[in-house]
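The block underneath contains the structure these notes are about, expressed in structure tokens.
Just so it is clear, the structure is predicted and the values come from calculations on it, not from any experiment.
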Amino acid sequence: PCLAVVAGGRVFVFDAGEGAAETLALMGMPQGDIEAVYLTHLHSDHFDGLAPLSLQHWATGSASEPLLVIGPAGVARLAAGLNEAYAIDFAYRMAHHGPEVMPPGGAGLRAQEFEIPQADGETIVLRDEGGVRILAFRVDHAPTDAVGYRIEYGGRVLVISGDTSRSDSLARAARGADLLVHEVISPRLDQIVHDAAIAQGRDNVGAILHDILDYHTSPEDAGAVAAEAGVGALAFTHMLPQTPLPGLAHTFVQEAKRTYSGPVYAMRDGDVLSLPPGGGLKRSRHGRF
């Protein structure tokens, strides 16, 4: 899971799963320009790529301050742990390249935590005179404390679900949004993989595949949320189970179309969705990977 949002030349990243830095580099995204990383929650698959991202932020941008990571309680502990793990590496790189290339103050991460609002509330995590506003809202990913984000800029609205089961708070936060980026799980495909795992004697994998159904959202439910909120378009990311064959991803779209009549996209690494100021939505790809 990783989504870069570019608003007026400013770059924000939401979640940083494994491979985030590599994929952003392949897309030509200057990681030294990243203003902040917003985490939806502290499951490791949403922050495994955070340390490489911070390294590229420091090295490619000659950053003088650590990369800012923002999220619920626990983010400070996460940042401190990663900074300690990379402390020896930081010292080696400063010694080798010198302070002009690798400024001593730019290494690692600095944390900013916020309190997750109640189910019917929201927390403003960025109120900016430049026109960008970012709000966090609670979603249901129990037992993990988790949030989604609403980003407003130039009269357009993007909402990111984070990991969640079907959530009334998400429908409220997404009301009238131009685009809802939603995680999704296909119970049908999950059952196929579950049964295959059990048949191979991999009971632990089977148990995990069973358990994840109750804190993710089916395509039909995600479509229903999009319809209830009246969003302009729906984009699926973090699709479970993983679909290495591109045709399988269309399964998620077909299932969502049962409950939502608007445009539905199954996103892949390198996809770009643009919301021009005057309205509409454009999809393109950067690179072939």
Got a second to check how far [X]'s [atom1] is from [Y]'s [atom2], nearest 0.5 Å?
| X | Y | atom1 | atom2 | answer |
| --- | --- | --- | --- | --- |
| Met267 | Leu234 | CE | CG | 11.0 Å |
| Arg110 | Ile70 | CZ | CD1 | 8.5 Å |
| Leu240 | Ile212 | CG | CD1 | 5.0 Å |
| Glu228 | Thr259 | CD | OG1 | 11.5 Å |
| Asn83 | Leu78 | CG | CG | 9.0 Å |
| Asp178 | Leu158 | CG | CG | 9.0 Å |

Has the side chain of [X] got a donor or acceptor atom that lies under 3.5 Å from a matching backbone atom of [Y]?
| X | Y | value |
| --- | --- | --- |
| Thr164 | Ser161 | no |
| Arg150 | Ala173 | yes |
| Thr23 | Ala20 | no |
| Trp58 | Leu67 | no |
| Glu183 | Thr217 | yes |

- Message: Any non-hydrogen side-chain atom of Pro187 less than 4.5 Å from a side-chain atom of Pro219?
- Response: yes
- Side-chain contact, heavy-atom cut-off 4.5 Å: Asp120 with Arg172? yes
Specify the closest pair of heavy atoms between [X] and [Y], including all atoms of both residues, with the distance to one decimal.
| X | Y | value |
| --- | --- | --- |
| Asp45 | Pro1 | O-CD, 3.2 Å |
| Pro241 | Val193 | CG-CG2, 4.0 Å |
| Gly206 | Ala197 | N-CB, 4.0 Å |
| Phe47 | Leu39 | CB-CD1, 4.3 Å |
| Ala21 | Gln56 | CB-CG, 4.3 Å |
| Ser169 | Ala119 | CB-O, 3.1 Å |

Under a 4.0 Å N-O cut-off, is there an ion pair linking [X] with [Y]?
| X | Y | answer |
| --- | --- | --- |
| Arg138 | Glu122 | no |
| Lys257 | Glu255 | no |
| Arg10 | Asp128 | yes |

Would you find more than 12 non-hydrogen atoms of other residues, nucleotides or ligands less than 6.0 Å from [X] atom [atom1]?
| X | atom1 | result |
| --- | --- | --- |
| Glu220 | CD | yes |
| Arg283 | CZ | yes |
| Gln254 | CD | yes |
| His210 | NE2 | no |

- Item | Verdict with supporting geometry, Leu82 and Leu50, side-chain contact (heavy atoms from CB on, under 4.5 Å) | CA-CA 9 Å; Leu82 289 174; Leu50 191 55; 4.1 Å; yes
- Among Leu68, Leu126, Leu3, find the one that has a side chain to side chain contact (heavy atoms under 4.5 Å, CB included) with Phe12. Leu126
Establish whether [X] and [Y] are linked, either directly or via other cluster members, by ILVMFWY side-chain heavy-atom contacts under 4.5 Å.
| X | Y | result |
| --- | --- | --- |
| Val147 | Leu180 | no |
| Val5 | Leu179 | yes |
| Ile160 | Val231 | no |
| Tyr265 | Val157 | no |
| Leu55 | Val13 | no |

- Query: Which pairs, with at least one residue in residues 85-94 and sequence neighbours excluded, count as a side-chain hydrogen bond (donor to acceptor under 3.5 Å, both in side chains)?
  - Reply: Asp89-Arg93
- Mind running side-chain contact (heavy atoms from CB on, under 4.5 Å) on Arg188 and Gln191 for me, showing each step along the way? CA-CA 5 Å; Arg188 183 159 60 93; Gln191 186 66 48; 6.0 Å; no
- The salt bridge (Lys or Arg N to Asp or Glu O under 4.0 Å) partners of Glu113 (sequence neighbours excluded) come to none
- Item | Trace of the side-chain contact (heavy atoms from CB on, under 4.5 Å) decision for His238 with His46 | CA-CA 10 Å; His238 197 8; His46 289 254; 3.4 Å; yes
- Can you tell me which residue pairs pass the ring pair (Phe, Tyr, Trp, His ring centres under 6.0 Å) test with a partner in residues 149-199, sequence neighbours excluded? Phe14-Tyr149, Tyr38-Tyr149
- Message: Under the ring pair (Phe, Tyr, Trp, His ring centres under 6.0 Å) definition, can you give me all pairs with a residue in residues 129-148, not counting sequence neighbours?
- Response: His41-His141, His43-His141, His141-Tyr215, His141-His216
- Message: The criterion is ring pair (Phe, Tyr, Trp, His ring centres under 6.0 Å); which residues satisfy it with His57, sequence neighbours excluded?
- Response: none
- Query: Among Asp214, Asp140, Asp221, whose salt bridge (Lys or Arg N to Asp or Glu O under 4.0 Å) with Arg166 holds?
  - Reply: Asp221
- Item | All pairs passing salt bridge (Lys or Arg N to Asp or Glu O under 4.0 Å) where residues 67-84 contributes a residue, at least two apart | none
- Item | Criterion side-chain contact (heavy atoms from CB on, under 4.5 Å) on Ile185 and Leu213, from CA distance to verdict | CA-CA 7 Å; Ile185 188 168; Leu213 287 168; 3.9 Å; yes
